[in-house]
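A short worksheet on the structure shown next.
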Amino acid sequence: MKPLTEEQRATLEDVYRRVDARASSISEGHDGWPCRKGCDHCCRHLAEPLTVSEWEWTYLWEAFQALAPAAREEIRTRVAELEGTRRPYTCPFLDRESGGCRVYTHRPLACRTYGFYVSRGVGTWCHFIQALLEQHGEGDILWGNHDAVEATLERLSGPPLSLFQWFSAHPG
Ligand code: SF4
């Protein structure tokens with residue numbers, strides 16, 4: 001697999017940085033915001049298996065390659081299992097015992113936007129956040145535009161493919 005060029009890496013990391021900044025400003029500005037270390041609910045209840053674009057895959061691959069062989073093997077097994085299971089899906093990158101993400105610093109866009117970026121007419125997807133909003137209202141939350149950031153990444157790095165497709169294309 002070709003590594004990211006310096007320009008591609010800088011562009012992808014800039015998109016991620018901007019998304020992370022928006023997410024932080026929302027969570028830090030609201031008491032009791034549920035997204036925090038220790039909550040892995042969304043990683044265990046994916047509506048669909050993760051899909052990632054080529055740059056995201058290449059970036060993820062770096063973190064995957066840095067894992068211990070046993071963890072890499074477990075992830076490959078979990079990805080293969082996704083094909084035969086039904087929703088909700090548990091992310092193959094989740095360490096099911098600790099509840100931590102094994103590729104956190106290199107996690108894809110979908111994980112960074114979840115709960116902070118919304119699509120037109122669609123809520124935040126997370127029922128913990130929904131409950132908080134129903135109790136306290138939205139206040140001054142400036143949601144990110146999910147459709148726009150997804151379109152930006154797709155324009156830069158191509159259409160997303162499933163983890164199953166990416167791992168099948170990179171068996172070694
Ligand atoms: S990549 Fe990490 S943060 Fe994203 S769903 Fe999987 S375990 Fe969760």
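The structure displayed is predicted, hence computed values, not measured ones. For ligands, and for the atoms within them, numbers begin at 1 and follow the listed sequence. Below, all heavy atoms of this structure are taken into account, side chains as well, without hydrogens, waters or symmetry copies.
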Legend entry - Charged N-O contact under 4.0 Å between Glu62 and Arg9: yes
Legend entry - CD/Glu7: more than 12 non-hydrogen atoms of other groups inside 6.0 Å: no
Legend entry - Heavy atoms from other residues, nucleotides or ligands near CG of Asp14 exceed 12 (cutoff 6.0 Å): yes
Legend entry - Geometric cation-pi criterion Arg76 and Phe167, 6.0 Å radius, 45° cone: no
Legend entry - atom 6 (Fe) of ligand 1 - nearest protein heavy atom and its distance: Cys91 SG, 2.3 Å
Inset, instruction - Note the single closest protein heavy atom to atom 4 (Fe) of ligand 1, along with its residue, its atom name and the distance in Å. - result: Cys111 SG, 2.2 Å
Legend entry - N, O or S of Cys43 under 2.8 Å from atom 4 (Fe) of ligand 1: no
Legend entry - Donor-acceptor pair between Tyr59 and Gln8 side chains, under 3.5 angstrom: no
Inset, instruction - Heavy-atom contacts with Leu94 under 4.0 Å: which atoms of ligand 1 show up? List them by number with element. - result: 7 (S)
Legend entry - atom 2 (Fe) of ligand 1 contact by Cys101, N, O or S atom under 2.8 Å: yes
